[in-house]
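The structure under discussion appears below in the form of structure tokens.
Proteins come first, then strands; the chains are lettered A, B, ... in the order of their sequence lines, and each starts at number 1. Here the structure is a predicted model, which means the values were calculated and not measured.
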Amino acid sequence: MARPSFQAPKGVAEYLPPDSADFLAVRDGLSEPAIRAGYLYAEVPVFEDTTLFTRGVGESTDVVSKEMYTFDDRGGRSISLRPEGTVGVIRATIEHGLDRGQLPVKLWYSGPFFRAERPQQGRYRQFFQVGIEAIGSEDPALDAEVISVAYRGYQGLGLTQFRLDLTSLGDKNCRPQYRELLVAFLADLPLDDATRKRAALNPLRVLDDKRPEMSEMLKDAPLMKNHLCKECDDHFASVCQHLDDLKIAYTIAPKMVRGLDYYTRTTFEFVHPLLGAQSGIGGGGRYDGLMAELGGQDLSGIGFGLGIDRTLLAIRAEQGTFKTNHLDLFIVPMESEARRAALIVADSLRTAGLLVDLSFGDRGLKGAMKAADKSGAQFSLVIGESELASGALSLKEMSTGELIPATMENLSELLLARRT
RNA sequence: GUGGGCGUAGCUCAGCUGGUAGAGCGCCGCGUUGUGGUCGCGGAUGUCGCGGGUUCGAGUCCCGUCGCUCACCCCA
């Protein structure tokens with residue numbers, strides 16, 4: 001057999017049968033709670049003006065500074081493949097004036113995102129997310145709703161072992177003061193060069209260093225959570241209260257830091273313990289200044305991005321299963337005249353809403369029945385000379401072998417009544 | 001971007017100290033005339049990731065390269 005001369009680009013995730021069904025189940029399972037909560041779908045481009053991301057996500061972030069796919073298009077414009085979803089949705093909201101109507105604007109989206117990182121299990125250069133954004137309200141109940149939508153998504157897919165980490169990153173009133181405190185604290189520590197550099201760029205990010213000696217050193221570091229202004233503190237307390245009301249379990253994680261600069265106040269992350277190094281299965285938070293930064297009204301928003309790839313890995317790690325929808329009927333035409341009838345029958349049953357496939361090519365009866373078996377169809381139906389002549393059909397229930405008398409006229413009715 | 005492991009049929013893998021490839025599963029067919037799953041028999045498919053090198057001879061040794069994987073980093 002000829003070896004394929006092309007390979008997929010490095011680090012991309014592909015989902016093909018039979019795994020692709022699981023991918024769809026996860027995507028739909030994560031988006032369903034958003035739809036039920038009144039979020040409306042937004043389809044936005046996978047590439048944008050590069051400056052949208054440098055402005056929105058933040059130039060100092062790794063995501064922007066070293067992981068973006070950036071290129072010039074034929075008109076000499078600098079374009080980047082989207083590394084995350086929020087700023088594109090915000091841009092579209094501003095551009096199309098969605099925020100001129102009733103607030104909050106509630107949107108959901110799903111699709112591929114791109115980051116040029118070294119691939120690893122659960123970390124791909126093209127990966128998939130389901131996300132939501134709720135724009136234009138600072139109500140802490142909205143924060144809780146956003147978190148609950150993610151939480152119920154994971155739950156609905158059968159996940160039980162994930163953890164929700166939660167904290168508040170403060171706002172423009174209290175964060176700068178806290179930052180100074182932290183910088184002063186870090187200045188007294190014997191940091192290595194790389195860490196000191198990080199500290200200069202974004203001191204908060206030093207806090208979630210995983211190395212044991214670092215967490216020892218940072219044991220007594222000042223925490224944002226203890227230096228929130230009154231408004232932020234009240235807001236956070238209220239978010240927690242709402243989550244308690246909803247019986248959503250969370251862990252306060254005061255050292256959690258996210259990789260995107262726009263987060264303020266409520267910030268959260270879903271972590272799965274069975275996933276190894278890439279354990280984040282989703283995360284998000286509030287972004288106070290983002291919309292104004294991108295040229296819109298000064299409205300706050302909150303949203304999340306949930307990783308479809310990682311959620312799928314997490315479900316597999318928990319030995320979870322998916323419900324699959326099987327074919328209702330597999331038709332086996334005996335000879336070529338019967339194939340015309342078989343295709344007509346298949347077409348009309350499909351129109352009636354049934355899932356129908358049939359055997360193609362010159363397969364013998366035995367081979368075609370084998371295909372019927374492999375297809376997973378609930379029923380099979382042989383169509384040949386005698387069926388065409390008499391109009392008497394016999395529908396076979398594959399799991400039991402039972403033959404059920406049928407006619408062309410009552411076939412769809414029968415199948416609809418008996419489908420499982 | 002840094003470091004470790006790996007790369008043999010569609011899949012999972014075996015191939016000792018170098019002598020031009022195997023198993024199981026899967027796939028296709030047959031087991032007498034129009035009904036699958038079990039069983040039996042038969043069959044197809046590999047430039048042993050790719051490119052160089054050493055050697056009379058390399059899947060097996062060396063170098064490079066591509067990809068996967070694990071950790072760091074980062075994060076979904």
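As judged by a 4.0 angstrom heavy-atom cut-off over every strand, A:Lys370 is placed among residues touching the sugar-phosphate backbone only. In this structure, A:Phe128 reaches neither bases nor backbone, as no heavy-atom distance under 4.0 Å exists between it and the strands shown. Within the 4.0 angstrom heavy-atom criterion, base atoms lie near A:Gly122. Within 4.0 Å (heavy atoms only), A:Ser279 reaches no atom of the nucleic acid at all. Residue contacts shown for A:Gln121 are limited to sugar-phosphate atoms, with no base heavy atom under 4.0 Å away. Heavy atoms of A:Glu269 sit nowhere under 4.0 angstrom from any nucleic acid atom. A:Asp309 comes within 4.0 angstrom of no nucleic acid atom, judged by non-hydrogen atoms across all strands. Nucleic acid contact class of A:Glu84 (heavy atoms, under 4.0 Å, all strands): none. Residue A:Ser386 is in base contact, counting any heavy-atom pair closer than 4.0 Å across all strands shown.
Here A:Asp22 contributes atom CG and A:Ile315 contributes atom CD1; the two are 8.0 Å apart, rounded to the nearest 0.5 Å.
Closest contact between the side chain of A:Arg115 and the listed nucleotides B:A76, B:C27, B:U35 involves B:A76. In the set B:C66, B:U35, B:A76, the nucleotide with an atom closest to the side chain of A:Gln7 is B:C66. Each of B:G36, B:U35, B:C70 was ranked by its minimum atom distance to the side chain of A:Glu387; first place goes to B:U35. Here the side chain of A:Arg123 is nearest to one of B:C27, B:A76, B:U69, namely B:A76. Ranking B:U69, B:C70, B:C66 by closeness to the A:Pro119 side chain, first place goes to B:U69.
Pair assignment for B:U12 gives B:A23, based on Watson-Crick or G-U wobble hydrogen-bonding distances that are each under 3.5 Å. Using Watson-Crick or G-U wobble geometry with both donor-acceptor distances under 3.5 Å, B:C61 finds its partner in B:G53. Pairing for B:G37 is absent, judged as Watson-Crick or G-U wobble with the two contacts each under 3.5 Å.
Within the structure, a side-chain polar atom (N or O) of A:Arg363 is placed less than 4.0 Å from OP1 or OP2 of B:C28. An OP1 or OP2 oxygen of B:G36 is reached within less than 4.0 angstrom by no side-chain nitrogen or oxygen of A:Lys366.
Taking atom P on both B:G4 and B:A23, the two are 37 Å apart, rounded to the nearest angstrom. Atom P of B:C6 sits at a distance of 14 Å from the matching atom of B:U17, rounded to the whole Å. A gap of 16 Å separates the C1' atoms of B:A21 and B:G57, to the nearest Å.
A salt bridge does not link A:Arg125 to A:Glu117: none of the charged side-chain nitrogens sits closer than 4.0 Å to a carboxylate oxygen. Electrostatic pairing of A:Arg350 and A:Asp328 does not count as a salt bridge here, judged by no charged N lying under 4.0 Å from a carboxylate O. Contact check on A:Arg82 versus A:Glu48 returns no salt bridge, with no Lys/Arg side-chain nitrogen under 4.0 Å from an Asp/Glu carboxylate oxygen.
Using a 4.5 Å heavy-atom threshold, the side chains of A:Val146 and A:Tyr39 count as touching.
Donor-acceptor pairing under 3.5 Å, judged by distance alone, is absent between the side chain of A:Asp373 and the base of B:G37.
No aromatic stack links A:Phe113 and the base of B:A76, using centre distance under 5.5 Å and interplanar angle under 30°.
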